[in-house]
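FYI, side chains are in, hydrogens and waters are out, and symmetry mates aren't considered; it's all heavy atoms of this structure.
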There are 2 protein chains.
Amino acid sequence: MIKEENKVSYQTLSQYLKVIADSNRLEILDLLSCGELCACDLLEHFEFSQPTLSHHMKTLRDNNLILMRKDGNKNMYRLNTEVINNLTDRLSLLSSDTVPCICEDIRKGTC
Amino acid sequence: MIKEENKVSYQTLSQYLKVIADSNRLEILDLLSCGELCACDLLEHFEFSQPTLSHHMKTLRDNNLILMRKDGNKNMYRLNTEVINNLTDRLSLLSSDTVPCICEDIRKGTC
DNA sequence: TATCTATATAGATGTTAATCTATATATGAA
DNA sequence: TTCATATATAGATTAACATCTATATAGATA
């Protein structure tokens with residue numbers, strides 16, 4: 001049970017999941033887990049175009065999953081580990097039956 | 001780093017993530033974390049139509065995230081905790097820099 | 001058999017989003 | 001200032017998918 005005490009909305013969580021549910025963005029995050037990289041280093045690793053990478057990096061940034069700093073004309077990216085850990089920690093609750101939860105909303109066998 | 005020793009494909013992982021990235025499916029899984037429920041119990045909890053629920057349950061089943069048994073004319077659903085735990089465990093590696101990894105494929109500063 | 005409940009399928013629609021090409025902007029170097 | 005490199009934006013296209021209504025199927029019960 002993820003939604004303890006109504007603090008998390010499924011919408012919010014699904015928004016994060018949509019961001020990492022793209023295999024290319026997932027790979028970008030995974031590569032950044034080894035350390036900071038610039039966009040052009042990442043681009044060489046993939047087959048898609050530069051605007052496509054730019055689009056993915058913007059999506060990741062807009063959702064606060066990565067952090068960026070400027071270094072000359074390069075953009076240096078790194079994971080926002082705090083946000084990512086928070087996300088994966090929440091997901092780990094998905095198969096746990098921790099109480100209190102919203103399960104009381106469900107009345108079994110009423111149909 | 002998720003992809004240790006090339007055993008996991010980003011495609012496979014992203015496929016699972018796409019399934020749980022829908023807020024309604026996420027909520028279905030979360031409700032099932034409290035125990036087995038039939039489709040009609042779930043349906044009463046949501047606003048969408050019965051065919052829509054049927055579609056979501058099929059998606060979850062096809063991807064092996066839930067298990068089903070027949071009880072009369074009802075479908076009883078429960079989490080496939082093994083698969084779900086495997087998924088969340090893998091995701092937890094996303095911000096770790098465990099070696100060996102595929103980071104060697106990336107050559108920093110070649111651009 | 002007839003009917004009710006539970007679930008599935010078919011087909012249509014609207015939206016989101018991943019990708020591309022073309023072009024613009026910004027930074028550093030000559 | 002001029003050019004090269006790095007990145008962003010605009011606009012178009014295509015595919016995926018969440019949802020709906022209508023209808024079919026399957027099981028239980030009378």
List, one per line, each side-chain donor-acceptor pair under 3.5 Å for residues 15-22 of chain B, sequence neighbours excluded.
{"residue": "B:Gln15", "atom": "NE2", "partner": "B:Asn63", "partner atom": "OD1", "Å": "2.9"}
{"residue": "B:Lys18", "atom": "NZ", "partner": "A:Ala21", "partner atom": "O", "Å": "3.1"}
{"residue": "B:Asp22", "atom": "OD1", "partner": "B:Asn24", "partner atom": "N", "Å": "3.0"}
{"residue": "B:Asp22", "atom": "OD1", "partner": "B:Arg25", "partner atom": "N", "Å": "3.0"}

*Residues forming a side-chain contact (heavy atoms from CB on, under 4.5 Å) with A:Asp89, sequence neighbours excluded*: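 side-chain contact (heavy atoms from CB on, under 4.5 Å) check on A:Asp89 returns nothing, list empty.
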
*For A:Ser23, all residues meeting side-chain contact (heavy atoms from CB on, under 4.5 Å), sequence neighbours excluded*: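 For A:Ser23, the residues satisfying side-chain contact (heavy atoms from CB on, under 4.5 Å) (neighbours in sequence not counted) are B:Tyr10, B:Gln11, B:Ser14.
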
*asked:* One character per nucleotide, please: for nucleotides 24-30 of chain C, 5' to 3', B when the base has a protein heavy atom closer than 4.0 Å, S when only the sugar-phosphate does, - otherwise.
replied: ---BS--

*Examine distances only and state if a side-chain atom of B:Ser54 and a backbone atom of B:Pro51 form a donor-acceptor pair shorter than 3.5 Å.*
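No; zero donor-acceptor contacts below 3.5 Å.
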
*In whole angstroms, how far is the C1' atom of C:dA18 from the CD atom of A:Glu47?*
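About 16 Å, once rounded to whole Å.
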
*asked:* Show every salt bridge (Lys or Arg N to Asp or Glu O under 4.0 Å) that has at least one partner inside residues 56-68 of chain B, sequence neighbours left out.
replied: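 Listed once each, the pairs are B:Lys58-B:Asp62.
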
*Determine which pairs satisfy salt bridge (Lys or Arg N to Asp or Glu O under 4.0 Å) with at least one residue from residues 63-83 of chain A, sequence neighbours left out, and list them in order.*
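Of all non-adjacent pairs touching residues 63-83 of chain A, those that pass salt bridge (Lys or Arg N to Asp or Glu O under 4.0 Å) are A:Glu36-A:Arg69.
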
*asked:* Show, in sequence, the C-alpha distance, side-chain angles and deciding distance for B:Leu37 and B:Tyr77, and conclude whether the side chain to side chain contact (heavy atoms under 4.5 Å, CB included) test is met.
replied: CA-CA 5 Å; B:Leu37 288 171; B:Tyr77 295 103; 5.9 Å; no

Provide a list of protein-nucleic acid N or O atom pairs under 3.5 angstrom, restricted to nucleotides 14-17 of chain C.
none

_Run B:Leu79 and B:Leu67 through side chain to side chain contact (heavy atoms under 4.5 Å, CB included) and show every step you take._
CA-CA 6 Å; B:Leu79 292 189; B:Leu67 300 169; over 6 Å; no

_Just to be sure I understand the geometry, which residues of residues 57-69 of chain B put a non-hydrogen atom under 4.0 Å away from DNA chain D?_
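Correct list: empty, so none.
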
*When you list every nucleotide of DNA chain D with an atom under 4.0 Å from a heavy atom of chain B, which one comes first 5' to 3', and which comes last?*
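Contacts span D:dA6 to D:dA28, reading 5' to 3'.
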
*Passes side chain to side chain contact (heavy atoms under 4.5 Å, CB included), B:Leu26 versus A:Ile2? Steps please.*
CA-CA 9 Å; B:Leu26 193 59; A:Ile2 294 167; 4.1 Å; yes

_Under the ring pair (Phe, Tyr, Trp, His ring centres under 6.0 Å) test, residues paired with B:Phe48 that sit two or more places apart_ =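 Residues passing ring pair (Phe, Tyr, Trp, His ring centres under 6.0 Å) with B:Phe48: B:Phe46, B:His56.
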
_Strictly by disulfide (SG to SG under 2.5 Å), give each pair with a member in residues 44-80 of chain A just once, sequence neighbours left out._
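Every candidate disulfide (SG to SG under 2.5 Å) pair involving residues 44-80 of chain A fails, so no pair, neighbours aside, qualifies.
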
*Output every pair passing disulfide (SG to SG under 2.5 Å) with a member in residues 39-88 of chain B, not counting sequence neighbours, ordered by first then second residue.*
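As it turns out, the disulfide (SG to SG under 2.5 Å) pairs with a partner in residues 39-88 of chain B, which skip direct neighbours, are A:Cys111-B:Cys40.
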
*asked:* Can you work out whether B:Cys38 or A:His56 has the more 5'-proximal nearest nucleotide on DNA chain C?
replied: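 The 5'-side residue here is B:Cys38.
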
*Would A:Leu87 and A:Leu13 satisfy side chain to side chain contact (heavy atoms under 4.5 Å, CB included), going step by step from the backbone distance to the final call?*
CA-CA 8 Å; A:Leu87 170 61; A:Leu13 195 46; 3.5 Å; yes

